Amino acid sequence: MTGATSPSLADALATGALVLDGGMSNQLEAAGHDLGGGLWSARLLAERPEAVAEAHLAYFRAGADVAITASYQATFQGFAEHGIGHEEAARLLALSVRLARTAARRAGDAGVTRPLWVAASAGPYGAMLADGSEYRGRYGLGAGELERFHRPRLEVLAAAAPDVIALETVPDADEGAALLRAVRGLGVPVWLSYTVDGPRTRAGQPLEDAFAPAAGVDEVIAVGVNCCAPRDAGPAVEIAARVTGKPVVVYPNSGEVWDARARAWTGRAAFGAGQVAAWREAGARLIGGCCRVGPEAISAIASALGGPDR
């Protein structure tokens with residue numbers, strides 16, 4: 001939050017809809033940064049942290065109320081594969097939260113007066129593999145193994161004091177359940193967001209079954225979907241709201257399709273602010289974009305929800 005008198009994110013979601021930011025990677029690439037390699041945007045936490053802060057600032061200035069940190073692909077195991085030790089990896093994870101806070105302060109200095117929040121990103125196990133596994137799930141790991149993988153990183157992110165932890169782009173209901181166990185006792189609220197294909201997770205489970213465990217977890221302040229086709233977002237929002245009774249977060253891709261083998265986007269964009277009203281009516285309270293959705297689209301979402309200074 002930008003100030004001590006700002007409401008908690010959970011309280012804000014209870015009173016109305018908020019704007020989430022867009023894709024971190026596309027904003028960094030638009031600024032000329034090379035994100036090649038297994039660490040993706042997390043590499044810039046070590047090499048160009050100022051670029052990460054500038055990307056956050058662009059979204060805040062466009063109308064976003066919540067920024068997601070550049071820690072999606074940041075894991076102890078992934079950093080280790082690139083020669084970064086445990087202590088430095090922990091520092092970079094915490095830095096991701098500080099950079100978003102820095103951007104929020106700069107937005108305030110630039111005249112943004114509304115409350116701003118920071119969501120610490122925790123991507124799925126497949127993001128660490130950097131081979132497109134987050135769009136398939138079914139890694140061959142048990143629930144206990146997944147919980148042990150996620151918990152240390154979540155502890156570091158929680159200690160950095162974000163407003164919420166975004167458990168995002170989860171492809172598999174089994175991993176979702178493991179994440180819900182991993183966040184117990186962290187002292188920081190979370191949202192749980194699946195990546196989906198129609199009314200099912202990418203791993204093929206019905207969304208009703210995937211969302212159900214979150215209904216009884218106090219730490220979860222929102223559930224929803226991200227990194228999916230815009231056409232799949234609306235039905236998923238309705239399911240999430242109906243099954244859990246919690247506010248819904250929704251941030252789909254542009255509509256283009258990621259080719260993991262070619263590491264390139266194909267197809268045509270199908271994301272538009274005209275879809276926002278229907279998502280809000282279905283229960284969405286935190287609305288933004290994921291891959292290939294930039295500040296211009298976030299500005300349009302803010303306008304659709306009543307303007308940047310709602």
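This structure is a prediction, so every number in the text was calculated from the model and none was measured. Index from 1, following the sequence.
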Could you tell me which non-hydrogen atom of A302 sits nearest to which non-hydrogen atom of A62, and how far apart they are?
-> CB-O, 4.3 Å
Side-chain heavy-atom pair V164, W117 within 4.5 angstrom cut-off = no
Side-chain contact test, heavy atoms from C-beta onward, threshold under 4.5 Å: evaluate it for I165 versus P189 and give yes or no.
-> no
Within the side chain of R114, is there an N or O that forms a donor-acceptor pair under 3.5 Å with the backbone of A64?
-> yes
Interatomic distance, CD1@I301 vs CG@D65, rounded to 0.5 Å, equals 11.0 Å
By side chain to side chain donor-acceptor pair (under 3.5 Å), which residues pair with T102, not counting sequence neighbours?
-> R105
Side chains of residues 284-292: which donor-acceptor pairs under 3.5 Å do they make with residues two or more places apart or in other chains?
residue	atom	partner	partner atom	Å
R285	NH1	R280	O	3.1
R292	NE	E256	OE1	3.4
R292	NH2	E256	OE2	3.1

Considering non-hydrogen atoms only, spot the tightest contact between V156 and A94 and give its length.
-> CG1-N, 4.4 Å
Using distance only, find each side-chain donor-acceptor pair of residues 242-250 under 3.5 Å and give its atom names and separation, not counting sequence neighbours.
residue	atom	partner	partner atom	Å
R242	NE	E238	OE2	2.9
T244	OG1	A240	O	2.7
T244	OG1	K246	N	3.1
K246	NZ	V217	O	3.4
K246	NZ	V220	O	2.8

Between E168 and Y194, does any side-chain donor sit less than 3.5 Å from a side-chain acceptor?
-> no
Could you tell me the separation between the CG atom of L18 and the OG1 atom of T15, rounded to the nearest 0.5 Å?
-> 7.0 Å
Apply side chain to side chain donor-acceptor pair (under 3.5 Å) to the pair T201 and D172, showing each step before the final yes or no.
-> CA-CA 6 Å; T201 67; D172 192 318; 5.8 Å; no
Pairwise side-chain contact, S193 with Y251, heavy-atom cut-off 4.5 Å (strictly under) | yes
Do any N or O atoms from the side chain of N26 and from the backbone of G23 form a donor-acceptor pair under 3.5 angstrom?
-> yes
Worked check of side chain to side chain contact (heavy atoms under 4.5 Å, CB included) between V52 and L95 | CA-CA 10 Å; V52 175; L95 176 63; over 6 Å; no
Give a yes-or-no answer on whether the side chains of R153 and T75 include a donor-acceptor pair shorter than 3.5 Å.
-> no
Honestly curious: do V225 and V293 fall in one hydrophobic cluster under the side-chain, below-4.5 Å linking rule?
-> yes
Is any side-chain heavy atom of V118 less than 4.5 Å from a side-chain heavy atom of V97?
-> yes
Side chain to side chain donor-acceptor pair (under 3.5 Å) filter on E50, not counting sequence neighbours, yields R106
Nearest heavy-atom neighbours spanning A120 and S71 = C-OG, 4.2 Å
Distance, nearest 0.5 Å, that separates CG of L157 from CG of L186 = 9.5 Å
Of all heavy-atom pairs linking V170 and G176, the shortest is CG1-N, 3.7 Å
E47 atom CD: more than 12 heavy-atom contacts under 6.0 Å = yes
If you measure only the distance, is there a donor-acceptor pair under 3.5 Å linking the side chains of E134 and Y72?
-> yes
Name all pairs fulfilling the ring-ring contact (aromatic ring centres under 6.0 Å, His included) condition that reach into residues 145-167, sequence neighbours left out, sorted by first residue then second.
-> Y125-F149
Could you tell me which residues satisfy side chain to side chain donor-acceptor pair (under 3.5 Å) with R98, sequence neighbours excluded, listed by chain and number?
-> none
Using modelled atom types only, decide if a donor and an acceptor are shared between the side chain of S121 and the backbone of I68 within a distance under 3.5 Å.
-> no
From CG (D197) to CG (L207), nearest 0.5 Å | 10.0 Å
Residues E147 and R151 bridged, charged N to O under 4.0 Å = no
Go through the steps to decide whether D131 and R136 satisfy the test side chain to side chain contact (heavy atoms under 4.5 Å, CB included), and finish with yes or no.
-> CA-CA 10 Å; D131 63 357; R136 299 189 300 270; 4.0 Å; yes
Would a 4.5 Å heavy-atom cut-off, applied to side chains only, mark P295 and R61 as touching?
-> no
Can you sort out the partners of E81 under side chain to side chain donor-acceptor pair (under 3.5 Å), two or more places apart, ordered by chain and number?
-> none
Non-hydrogen atoms of P171 and S133 that approach each other most closely = CG-O, 4.3 Å
Report the C-alpha distance between W191 and L13 in whole Å, list the side-chain angles of each, state the deciding distance to 0.1 Å, and finish with yes or no for side chain to side chain contact (heavy atoms under 4.5 Å, CB included).
-> CA-CA 12 Å; W191 79 59; L13 292 176; over 6 Å; no
Spatial distance of atom CG (L146) from atom CG (L179) [nearest 0.5 Å] | 7.5 Å
Please list all pairs passing the salt bridge (charged side-chain N to carboxylate O under 4.0 Å, His left out) test where one or both residues lie in residues 219-234, with sequence neighbours left out.
-> none
Could you tell me which non-hydrogen atom of P115 sits nearest to which non-hydrogen atom of P7, and how far apart they are?
-> CG-CD, 4.2 Å
Salt bridge (charged side-chain N to carboxylate O under 4.0 Å, His left out): which pairs involve residues 82-93, sequence neighbours left out?
-> E88-R91
Would you say F211 and P206 make side-chain contact, with heavy atoms under 4.5 Å?
-> no
Under the salt bridge (Lys or Arg N to Asp or Glu O under 4.0 Å) rule, collect the residues that match up with R148, sequence neighbours excluded.
-> none
About how many Å separate CD of Q73 and CG of L45, when rounded to the nearest 0.5 Å?
-> 11.5 Å
Hey, any chance L57 and I298 share a hydrophobic cluster, counting ILVMFWY side chains that come within less than 4.5 Å of each other, even indirectly?
-> no
Pair D163 + R101, salt bridge at N-O below 4.0 Å | yes
For A89, which residues count as a side chain to side chain contact (heavy atoms under 4.5 Å, CB included) partner, sequence neighbours excluded?
-> F76, F79, I84
Check step by step if side chain to side chain contact (heavy atoms under 4.5 Å, CB included) holds for C227 and Y135.
-> CA-CA 9 Å; C227 208; Y135 300 113; 3.2 Å; yes
Contacts of A67 that satisfy side chain to side chain contact (heavy atoms under 4.5 Å, CB included) - sequence neighbours left out = D21, H56, F60
